[in-house]
Protein chains: 2
Amino acid sequence: MAIRPAEQLIHKAAWLYYAHGLRQDQVASQLKISRASVAMYLRKARETGIVNISTSTQLFTDDVLARQLEDAFKLDAVWIAPENGHVADPSTDIAVLAASVFLELIKKGDRIGVAWGRTIYTIADIMSYADLQDVTVVQLCGNLGAPYSYRPDQCTMEIARRLNAKGLNFYAPLVLTTEELARGLRAEPVIREQLSGISECNLALYSVGTVDADSHVVKCGALTASEMEVLRRAGAAGVIAGQIIDAQGKALDCSYNRRIISAELSSLRKIEKRLVVVQEDSKFGPLVAAIAGGLCTHLVVGARMARRLLDHAGPAAEKVA
Amino acid sequence: MAIRPAEQLIHKAAWLYYAHGLRQDQVASQLKISRASVAMYLRKARETGIVNISTSTQLFTDDVLARQLEDAFKLDAVWIAPENGHVADPSTDIAVLAASVFLELIKKGDRIGVAWGRTIYTIADIMSYADLQDVTVVQLCGNLGAPYSYRPDQCTMEIARRLNAKGLNFYAPLVLTTEELARGLRAEPVIREQLSGISECNLALYSVGTVDADSHVVKCGALTASEMEVLRRAGAAGVIAGQIIDAQGKALDCSYNRRIISAELSSLRKIEKRLVVVQEDSKFGPLVAAIAGGLCTHLVVGARMARRLLDHAGPAAEKVA
DNA sequence: CGCTCGGTTTGACTTTTGTCGAGAGCCATG
DNA sequence: CATGGCTCTCGACAAAAGTCAAACCGAGCG
């Protein structure tokens, strides 16, 4: 694409149209180009984040349910996507909301940690573009040759691209065959640096994974279904950034966890804002575990899940609200 | 206006339209209302700041001139509005830019100090609405029964209204007849509190005033033209928040300055971001004084003024850039 | 030198959006 | 209980924005 003149024009067109409130034909005559070109420039401006259109997510926190959840689980903020069933795809709703919330939480100069999963990739995919300065997106865990499109590095890169931010990938596999190898790799300067940099993030985005045969880690071949079954018996309750956690949200003491290259849970907890997004109802257990482990400060869920969480918190908590 | 149901609907319509990218007719059928209503809701959503459309002001800082000014005067950021003369009203251009810059500088939870003047009021007037939470707008100086519409309290209130923020007005006149009275009033708890609260702002917005017969303080009757003339001979170089400053940007030692209720210059300097906006070419002298006094960290000016400032900084400064 | 190729620009057309006046519903009031 | 304002809503029309195929333009290449 033409480098400079086009950029200039896009900026000017966007400026006249959105800031000054001129009509497209007025912009066209001012810039001495056709209106059709103006329309095209404006689309580009929106696509590249030169103009930002954001809608307040206030509505979704105003919900009584959201407040109750914040109280019951001591969370900083909760957003609840309504599931009236009137929207074509209810899970998209959650992702759209999550994308807005995510964008709203980002500030200039932020360092953002991103995990992976279908949910995260969906968010990345529908997220609008922005032109943040000085933002860095770091990958929270090693890579996995997933059979799907949502590999960890892709999640990171796509989000970085949308934000016009710098993307820092992890050039290591998520899981290795031996504990020794994992230890050795973690000690590598490049890897060590990235791992220690994670706690310097001020915003993290992740979902949780289930610990059954349908789990992503199983589907991607990091574990076999039977290995997972064993872990589940041993107390596995969920997956966060490729790591198995127990019902208390602590890393499960198992060989698998020692063989992975991923953010330490303690590093994650040091991140100021930990945004957890959950779409599927089946992730109830894992989510509860993550919350118990203090891995979540900001939460985006559907209404059904929200009610279930509140029920789980017990009648005592409900009385408070 | 209807209180709750309408708000809800506006929010939902805005959400479906802007976040989900549905068309108006789709939104209409989803919400079971006519498309015309949807269009109306969307307008309201934009007007009330439920949706935010902002365009990056990057373009205006990218300017070489802007960089040179930043270097020459050690400013944090400079925005320069082009004055190609192709726009109907060039001074509006500066105000539109200033409004965008101002909005861009505001963060949630901020405390914002606002002075007064035609420039400030113009900005307030064209500024788009926003739905910031937890923002407080405080008036930087006492009131003045101006013959114009832009009284200090109006500037503050209008900006607060646009931001959906809390407005803190100064219930005191800007200038009193005797120094004793001014001293007494400043000692009043209400006033004292407000004055001391000013240094807690993290963003200030003001312009500078001239010190001739056309000065606002003269027009508003705070000083007579001849008194002003005397002050000018005594070294008055400009007006900031109703206060007379000399060429070094220090408060001029004069009776007038002792008779006013306004932010101390030292308090202003404590504010992290001091956004100064200058429209008129005649304000060159006052602006130079304000910059000299460290009263400006962020600057929005027209191209002509920018060049003049750079010339003033001297060839030495130009070589640096 | 003429060709193709990638891209931008344009005019003409279609779709989407904005607006306005008319009508419907709703309260408070006489 | 009718009346008069009031706001909210809708349908129809006008205006604006989006889209697309064709034209254009310049660069690189045979």
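Worth saying up front: this structure is predicted, and the values here are computed from it rather than measured. Letters go in sequence order (proteins before strands), and every chain restarts at 1.
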Original post:
Can you name the side-chain hydrogen bond (donor to acceptor under 3.5 Å, both in side chains) partners of S54(A), sequence neighbours left out?
Top reply: none

**OP:** Verify the contact: side-chain N or O of K32(A) to OP1 or OP2 of dT9(C), cut-off strictly under 4.0 Å; return yes or no.
**Re:** no

**OP:** List for me each residue that meets side-chain hydrogen bond (donor to acceptor under 3.5 Å, both in side chains) alongside S37(A), sequence neighbours excluded, and say none if there are none.
**Re:** S34(A)

**OP:** Please list, chain by chain and in numerical order, all residues satisfying ring-ring contact (aromatic ring centres under 6.0 Å, His included) with Y129(A), sequence neighbours excluded.
**Re:** none

Between the protein and nucleotides 17-20 of chain C, which nitrogen or oxygen pairs come in under 3.5 angstrom?
| from | atom 1 | to | atom 2 | distance (Å) |
| --- | --- | --- | --- | --- |
| dT17(C) | OP1 | Y17(B) | OH | 2.8 |
| dT17(C) | OP2 | Q24(B) | N | 2.9 |
| dG18(C) | OP2 | Q24(B) | NE2 | 2.5 |
| dG18(C) | N7 | R35(B) | NH2 | 3.4 |
| dG18(C) | O6 | R35(B) | NH2 | 2.7 |

**OP:** Go through the structure and list residues passing side-chain hydrogen bond (donor to acceptor under 3.5 Å, both in side chains) with E70(A), not counting sequence neighbours.
**Re:** none

**OP:** Respond yes when some side-chain nitrogen or oxygen of S37(A) is under 4.0 Å from OP1 or OP2 of dT10(C), and no when none is.
**Re:** yes

**OP:** Please name all residues satisfying side-chain hydrogen bond (donor to acceptor under 3.5 Å, both in side chains) with D281(B), sequence neighbours left out, ordered by chain then number.
**Re:** R304(B)

Original post:
Rounded to whole angstroms, how far apart are OH on Y41(A) and C1' on dT10(C)?
Top reply: 12 Å

